[in-house]
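Written below as structure tokens is the structure these notes are about.
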Amino acid sequence: MRLSRFFLPILKENPKEAEIVSHRLMLRAGMVRQEAAGIYAWLPLGFRVLKKIEQIVREEQDRAGALELLMPTLQLADLWRESGRYDAYGPEMLRISDRHKRELLYGPTNEEMITEIFRAYVKSYRSLPLNLYHIQWKFRDEQRPRFGVMRGREFLMKDAYSFDIDEAAARRAYNRMFVAYLRTFARMGLKAIPMRAETGPIGGDLSHEFIVLAETGESGVFCNSDVLDLPVPSDDVDCQGDLSGIISQWTSVYAATEDVHDAARYEREVPADKRVSTRGIEVGQIFYFGTKYSDAMKALVTGPDGADVPIHGGSYGVGVSRLVGAIIEACHDEAGIKWPEAVAPFTAVILNLKQGSEDTDAACEKLYRELQARGVDVLYDDTDQRAGAKFAAADLIGIPWQILVGPKGLAEGRLEIKRRSDGSRENLSPAEVVAKIAG
RNA sequence: CGGAGUAUAGCGCAGCCCGGUAGCGCACCUGCUUCGGGAGCAGGGGGUCGCAGGUUCGAAUCCUGCUACUCCGACCA
């Protein structure tokens with residue numbers, strides 16, 4: 001992508017409403033624009049990141065055996081009356097009526113709808129286990145939206161729903177999602193710690209929140225620093241195999257949000273030098289809720305003995321749009337964002353330090369073509385701004401690799417490559433640059 | 001949902017007390033000079049001053065009502 005043809009409305013000054021760093025940087029980097037309280041338009045740069053995150057979530061859900069579908073944003077009120085949540089959900093639910101005065105709502109979550117779909121088709125225990133998920137916009141009419149996309153009213157969420165014949169099978173489904181979540185967040189460059197959590201209004205008795213440690217997080221958290229060094233399951237983990245060893249490894253180390261924090265146990269189990277008391281951002285939560293919805297909505301399957309039984313369910317959410325902010329909270333410095341490569345809007349940016357000069361133009365064009373040919377997502381800053389402005393913009397938008405092409409280096413046949421994450425620099429030949437980034 | 005504020009150009013702000021027909025910095029456009037860490041000079045474009053009423057010869061400014069947004073707290077993927 002040529003920057004001169006891209007849409008990147010960078011701001012030099014800080015918008016006054018943005019209090020936390022991720023919100024400030026997202027606005028300054030031209031990633032989002034606020035359209036109403038807690039409602040954002042995703043501009044091209046932000047949209048690229050959102051899509052990368054979404055794709056990682058999707059790949060790990062698929063790996064875990066979940067099946068993607070897509071449910072609508074609007075749902076009929078009657079569906080929610082069946083579960084009893086239409087009234088219980090309260091003013092956070094956005095209620096709408098259509099021209100026929102039918103009552104609808106903009107979905108804040110989809111347990112009811114997925115249960116309705118499930119019960120319409122699945123009749124036998126032999127169709128289980130089943131895990132269906134979608135990645136769709138949700139709306140929760142928060143009393144006080146804030147912190148940009150970290151707590152918007154409209155947000156993109158991955159929500160998966162598992163269906164199993166009994167509790168033991170449901171716990172295996174829960175474990176598969178637990179492992180998928182460990183992998184998902186690690187692939188994005190985040191340390192997300194699973195913490196025992198309250199089940200809240202969704203119900204059930206087993207739940208973990210996945211928390212990214214950050215001073216600007218909304219909830220207080222307490223954990224044993226050992227949990228930060230636990231190994232994340234690798235690519236070849238057998239999701240259909242026995243995962244209980246991994247789960248117990250992760251859940252035996254103390255980690256809790258302030259809501260369920262047990263100070264006595266914390267002090268008893270965690271040595272003083274390993275106590276971490278900080279704040280965190282919730283990026284995912286998983287629940288096992290048993291037969292709560294299948295009882296209320298009569299989602300029954302016929303078991304091996306011929307008797308109908310309610311299925312055991314779980315639901316598993318990832319805040320996809322929130323993750324964009326969470327990653328920035330975890331990865332930035334004074335100059336701007338430092339995207340982990342896996343979610344970066346572009347892998348590399350070419351900075352032509354003397355636009356209009358024959359030598360640098362030719363070298364940049366060649367490099368740009370070669371990187372593209374090698375499948376690298378590359379941004380070419382071909383604007384006629386001065387070098388300093390290009391450096392500042394590149395640092396701000398956080399592209400992992402900056403390739404500096406200027407007359408000084410070219411005189412010796414060299415380009416300078418700067419790594420955004422640690423600021424390290426190397427002088428390399430063009431071929432070496434291509435090999436390093438594409439290879 | 002309690003409390004406190006704000007609304008003037010794309011962004012950040014001044015002007016309002018004391019009414020007289022809107023200004024500054026950044027950004028944008030043109031030209032020249034610059035050119036490896038957010039350049040300089042000169043010229044230029046852009047605002048029914050959140051909306052609706054009222055007072056007045058005259059309202060960004062005073063009065064009334066409304067709306068939107070922000071911050072602190074209680075609450076949430």
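The model shown is predicted, which means the values in this text are computed figures rather than measured ones. Note on naming: letters A, B, ... go to the chains in the order of the sequence lines (proteins, then strands), and numbering restarts at 1 for each one.
Atom-to-atom, CD of Gln143(A) to C1' of rG3(B) comes out at 14 Å; the value is rounded to the nearest Å. Rounded to whole Å, atom C1' of rC75(B) lies 17 Å from atom CE of Met150(A). As rounded to whole Å, 12 Å separates atom C1' of rG73(B) from atom CZ of Phe147(A). Here the P atom of nucleotide rU70(B) and the CG atom of Leu27(A) are 11 Å apart, to the nearest Å. The CG atom of Asp259(A) sits 8 Å away from the P atom of rC76(B) (whole-angstrom rounding). Rounded to an integer number of Å, the gap from Asp395(A) CG to rG36(B) C1' is 13 Å. If you measure from atom CZ of Arg146(A) to atom C1' of rC72(B), you get 8 Å, rounded to the nearest angstrom. Per the geometry, NE2 belonging to His23(A) stands 13 Å off P belonging to rC69(B), to the nearest Å.
Counting any heavy atom pair closer than 4.0 Å across all strands shown, Gly152(A) reaches a base atom. Using a 4.0 Å heavy-atom distance criterion, Glu19(A) is classed as a sugar-phosphate-only contact. Residue contacts shown for Lys158(A) are absent, as no nucleic acid heavy atom lies under 4.0 Å away. Gly317(A) comes within 4.0 angstrom of nothing in the nucleic acid, heavy atoms only. When heavy atoms are screened at a 4.0 angstrom cut-off, Leu404(A) is found touching base atoms of the nucleic acid.
rC71(B) and rC13(B): their P atoms are spaced 13 Å apart (whole Å). On the P atoms, rC29(B) is 44 Å away from rC66(B), given to the nearest whole Å. The gap from the P atom of rC49(B) to that of rG10(B) amounts to 13 Å, rounded to the nearest Å. A distance of about 42 Å separates the P atoms of rG58(B) and rA42(B), rounded to the whole Å. If you take atom C1' in rG23(B) and the same atom in rG46(B), they sit 14 Å apart, rounded to whole Å. Atom name P, nucleotides rU6(B) and rA59(B): the rounded distance is 24 Å, in whole Å. Here the separation of rU64(B) from rC26(B), taken at their C1' atoms, is 38 Å to the nearest Å. For the P atom pair drawn from rC16(B) and rU61(B), the interatomic distance equals 12 Å after rounding to whole Å.
Nucleotide rC62(B): paired with rG54(B) (Watson-Crick or G-U wobble, both distances less than 3.5 Å). If you check rA9(B) for Watson-Crick or wobble pairing at under 3.5 angstrom, you find it has no partner at all. Remark: rC28(B) base-pairs with rG44(B); criterion is Watson-Crick or G-U wobble with both hydrogen-bond distances under 3.5 Å. Under the Watson-Crick or G-U wobble criterion, with both distances below 3.5 Å, rA4(B) is paired with rU70(B). Shown here, rU21(B) forms no base pair; nothing in the strands shown gives a Watson-Crick or G-U wobble contact with both key distances under 3.5 Å.
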Only pairs under 3.5 Å count here: list side-chain donor-acceptor contacts from residues 323-335 of chain A, not counting sequence neighbours, and write none if there are none.
from: Glu329(A); atom 1: OE1; to: Thr216(A); atom 2: OG1; distance (Å): 2.4
from: Glu329(A); atom 1: OE2; to: Ser22(A); atom 2: N; distance (Å): 2.9
from: Glu329(A); atom 1: OE2; to: Ser22(A); atom 2: OG; distance (Å): 2.7
from: His332(A); atom 1: ND1; to: Ile328(A); atom 2: O; distance (Å): 2.8
from: His332(A); atom 1: ND1; to: Glu329(A); atom 2: O; distance (Å): 3.2
from: Asp333(A); atom 1: OD1; to: Ala335(A); atom 2: N; distance (Å): 2.9
from: Asp333(A); atom 1: OD1; to: Gly336(A); atom 2: N; distance (Å): 3.2
from: Asp333(A); atom 1: OD1; to: Arg420(A); atom 2: NH2; distance (Å): 2.8
from: Asp333(A); atom 1: OD2; to: Arg420(A); atom 2: NH1; distance (Å): 2.9

Under 3.5 Å, side-chain donor or acceptor atoms of residues 185-192 of chain A against the rest of the protein: list the pairs with distances, not counting sequence neighbours.
from: Arg187(A); atom 1: NH1; to: Glu59(A); atom 2: OE1; distance (Å): 3.0
from: Arg187(A); atom 1: NH1; to: Glu60(A); atom 2: OE2; distance (Å): 2.9
from: Arg187(A); atom 1: NH2; to: Glu59(A); atom 2: OE1; distance (Å): 2.7
from: Lys191(A); atom 1: NZ; to: Leu228(A); atom 2: O; distance (Å): 2.9

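Both Val405(A) and Val149(A) lie close to RNA chain B; mapped to their nearest nucleotides by heavy-atom distance, the more 5′-ward contact belongs to Val405(A). Each of Arg144(A) and Arg322(A) has a nearest nucleotide on RNA chain B; the 5'-most of these lies closest to Arg144(A).
Remark: the Arg425(A) side chain and the rG37(B) base include a donor-acceptor N/O pair separated by less than 3.5 Å. Judged by distance alone, with hydrogens and angles left aside, Arg28(A) brings a side-chain donor or acceptor within reach of the base of rG38(B), the pair sitting under 3.5 Å. Judged by atom type and distance alone, Arg151(A) reaches the base of rC75(B) through a side-chain donor-acceptor pair under 3.5 Å.
Within the 4.0 Å cut-off from OP1 or OP2 of rU70(B), at least one side-chain nitrogen or oxygen of Gln34(A) is found.
Aromatic ring centres of Phe155(A) and Trp137(A) lie farther apart than the 6.0 Å criterion allows. Annotation: Tyr316(A) is not in aromatic contact with Tyr288(A) [ring centroid separation under 6.0 Å not met].
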Could you write out each protein N or O paired with an N or O of nucleotides 11-16 of chain B at a distance under 3.5 Å?
from: rG12(B); atom 1: OP1; to: Lys16(A); atom 2: N; distance (Å): 3.4

Got a list of protein N/O to nucleotides 29-35 of chain B N/O distances below 3.5 Å?
from: rU34(B); atom 1: O2; to: Arg386(A); atom 2: NH1; distance (Å): 2.8

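The aromatic rings of Tyr368(A) and Tyr380(A) are tilted relative to each other, their planes meeting at an angle between 30° and 60°. Ring pair Phe163(A)/Phe118(A) is parallel by interplanar angle, where below 30° counts as parallel and above 60° as perpendicular.
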Quiz prompt | salt bridge (charged side-chain N to carboxylate O under 4.0 Å, His left out) between Lys52(A) and Asp377(A), worked out | solution = CA-CA 12 Å; Lys52(A) 293 240 173 143; Asp377(A) 229 340; 3.6 Å; yes

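Side-chain atoms of Asn175(A) do not come within 3.5 Å of backbone N or O of Leu243(A) as any donor-acceptor pair.
The only option from Arg140(A), Arg153(A), Gln75(A), Glu154(A) that meets the side-chain contact (heavy atoms from CB on, under 4.5 Å) definition with Tyr106(A) turns out to be Glu154(A).
Residues satisfying the ring pair (Phe, Tyr, Trp, His ring centres under 6.0 Å) criterion with Tyr254(A), sequence neighbours excluded, are His261(A), Tyr266(A). For Phe391(A), there are no ring pair (Phe, Tyr, Trp, His ring centres under 6.0 Å) partners at least two apart in sequence or on another chain.
Taking every heavy atom of both residues into account, Val260(A) and Ala197(A) meet most closely at CG1-C, 4.2 Å.
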